[in-house]
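Reading through the C-alpha cells given below for one structure.
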Amino acid sequence: MEYKGYSINCKNGIMAIEGVKDFNLTHIFECGQCFRWIRQQDGSYNGIVKDKFVNVSLSNGILYIRNAEEQNFIDIWYEYFDLGTDYSKIKSVLEKDEIMKEAIKTGYGIRLLRQDFWEMLISFIISANNMIPRIMKTVDTLSVLKGGCIEANYNAYRFPEIHDLANATLEEIQQCKAGFRCKYIHQTSKLMYQEAITKEMLQSLDTDMARKELMKLPGVGPKVADCILLFSGIKFDVFPTDVWVKRVMEELYLKKESKLNEIQSFAKNQFGNLTGYAQQYLFYHARLNRIGMGK
DNA sequence: AAACAGGCTTGCC
DNA sequence: GGCAAGCCTGTT
C-alpha cells in the first residue's frame with residue numbers, strides 16, 4: 001500500500017517501508033528518549049511498543065519491522081516513528097547555528113518518537129539521579145512484575161497499564177528496585193488512576209502551564225516534566241536540561257557556569273520553538289563525544 | 001518568596 | 001567510599 005509518500009509491503013510478518021529519510025536507528029534509539037529498545041548483534045533493535053514486540057532494521061534505505069502487520073502501519077508505526085514530520089526542514093532551520101550544525105552532523109538521523117504518555121511519566125520518574133542501563137532494567141522489571149507477557153520466547157512484557165500500578169502495593173512496586181523512586185511511582189499511579197492529569201488536559205494547556213500541572217505529581221520536577229512532554233509528543237518547545245545538556249550548553253555556548261534558568265532562556269532565544277529537537281541533537285552529540293567531561 | 005544544602009535506593013566502580 | 005537522565009524537604 002501507499003501512504004503519504006511511503007510505500008509499504010508486508011509479507012510473512014515482515015513489513016518493509018520505503019521512503020524513510022533522516023532516519024538512523026542508532027541515533028533514534030540511543031539519543032536518550034526511550035528505554036525499551038535493545039541493540040542486537042547485527043545492528044537491528046528489538047523493542048516493545050504497546051503490546052507489540054518487534055525487530056527493526058534499516059537496509060538500503062528501507063525500514064523493516066519484523067513481527068508486524070500492515071494494518072498497524074498507520075495505527076502505530078507511522079505515528080510512533082514520527083513519519084509525518086519533515087526533519088530536513090527542522091535541521092535546515094537549526095543549522096544556521098555552527099555549533100548545532102556539528103551536533104546535527106553527529107546525530108543526523110534522530111527522530112523524536114511519539115511514545116505513550118503514561119509510560120513516559122513512570123519511566124522518567126525512574127530516571128531521576130539514575131543511569132540509563134539501570135533505568136532500562138528497572139522499566140523492564142516493572143513490566144515483568146505488573147505488565148503482561150506478549151512474547152514468551154523473548155521474555156517480552158508490555159508496560160503496565162495505569163490500573164496495574166494503581167492497584168499495586170508499595171511493597172510490590174519496590175520489587176522493581178527503583179529505590180527511593182518507588183513511593184513516587186506508587187503515589188503518582190494512584191493520582192493518574194483518578195485522572196488527576198490526562199494527556200488531553202496537557203495538550204489543551206500552553207507549555208508553561210502543562211509543565212506546572214505535571215509537576216504536581218510526586219517525583220516529577222522540571223527536568224522530568226519536560227522529558228515527558230517532549231517524548232510523548234505533547235510539547236516540542238521544551239528544553240529538558242539534565243547534567244549532560246547543562247555541560248554541553250556551558251561548554252559550547254555560554255562559556256561559563258550557568259544556572260538552569262539562564263540555560264533555558266538562552267535555548268529559547270537561540271532555538272525558538274525548536275528547542276525540543278535541538279536538545280536531542282545536543283544530548284546525543286554531548287554523550288557520544290563526552291563533551292564537558294574534561295576529555 | 002526564592003535559593004540552597006543534604007538525603008535518598010541501588011548497584012557498579 | 002564515590003557516583004549516576006533529579007526531586008523532596010527543611011532551612012535561610
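Throughout, a chain's letter reflects where its sequence line sits, starting with A, and its residues are numbered from 1. Quick caveat: nothing in here was measured; it's all calculated off a predicted structure.
Computed from coordinates, the Q280(A) CD to dA5(C) C1' distance equals 11 Å when rounded to whole Å. Counting to the nearest Å, the P atom of dA4(C) and the CZ atom of R290(A) are 11 Å from each other. One interatomic measurement links the two molecules: CD1 of I132(A) to C1' of dG11(B), which rounds to 16 Å at whole-angstrom precision. The CG atom of L282(A) sits 16 Å away from the P atom of dA5(C) (whole-angstrom rounding). We find that NZ of K177(A) is positioned 6 Å from P of dT10(B), with the value rounded to whole Å. Between M120(A) atom CE and dA5(C) atom C1' there is a gap of 13 Å when expressed in whole angstrom units. The CE atom of M136(A) sits 17 Å away from the P atom of dG11(B) (whole-angstrom rounding). Regarding I185(A), its CD1 atom lies at a distance of 13 Å from the C1' atom of dT10(B), rounded to whole Å.
A salt bridge does not link D140(A) with K137(A): every distance from a Lys NZ or Arg NE/NH1/NH2 to an Asp or Glu carboxylate oxygen is 4.0 Å or more. Electrostatic pairing of K105(A) and E102(A) counts as a salt bridge here, judged by a charged N lying under 4.0 Å from a carboxylate O. In this structure, D226(A) pairs ionically with R211(A), as a charged nitrogen and a carboxylate oxygen lie closer than 4.0 Å.
Stem list for DNA chain C (at least 3 consecutive Watson-Crick or G-U pairs, distances under 3.5 Å): B:2-8 with C:6-12, B:10-13 with C:1-4.
Two residues are said to be in side-chain contact when any heavy atoms from C-beta on lie closer than 4.5 Å; N55(A) and Q40(A) meet this criterion. For the pair L214(A)/L229(A), a side-chain contact is recorded, criterion being any heavy-atom separation below 4.5 Å from C-beta on. Under the 4.5 Å side-chain criterion, counting only non-hydrogen atoms from C-beta, I14(A) is in contact with Y64(A). When side chains are defined from C-beta on, I28(A) does not count as touching I110(A), because their heavy atoms never get closer than 4.5 Å. At least one side-chain heavy atom of N130(A) sits less than 4.5 Å from a side-chain heavy atom of R181(A).
Put simply, K137(A) has no side-chain N or O that comes within less than 4.0 Å of OP1 or OP2 on dT9(B).
Among the protein residues, I135(A) comes within range of the nucleic acid bases, having at least one heavy atom under 4.0 Å from a base atom. F231(A) comes within 4.0 angstrom of nothing in the nucleic acid, heavy atoms only. When heavy atoms are screened at a 4.0 angstrom cut-off, K246(A) is found touching no nucleic acid atom at all.
Distance check on atom P: dG11(B) versus dC7(C) gives 22 Å, rounded to whole Å. Here, dG1(C) and dG7(B) have their P atoms 15 Å apart, quoted to the whole Å. dG6(B) and dG2(C) are spaced 16 Å apart, taking the C1' atom of each and rounding to whole Å.
Among Y284(A), Y45(A), W37(A), the single residue meeting the side chain to side chain donor-acceptor pair (under 3.5 Å) criterion with E30(A) is Y45(A).
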Query raised in the report: How would nucleotides 6-12 of chain C be written as a contact map, 5' to 3', with B for base contact, S for sugar-phosphate-only contact and - for no contact, using protein heavy atoms under 4.0 Å?
Result: BSS----
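A distance-only check finds a donor-acceptor pair linking the side chain of Y87(A) to the backbone of L112(A) [under 3.5 Å].
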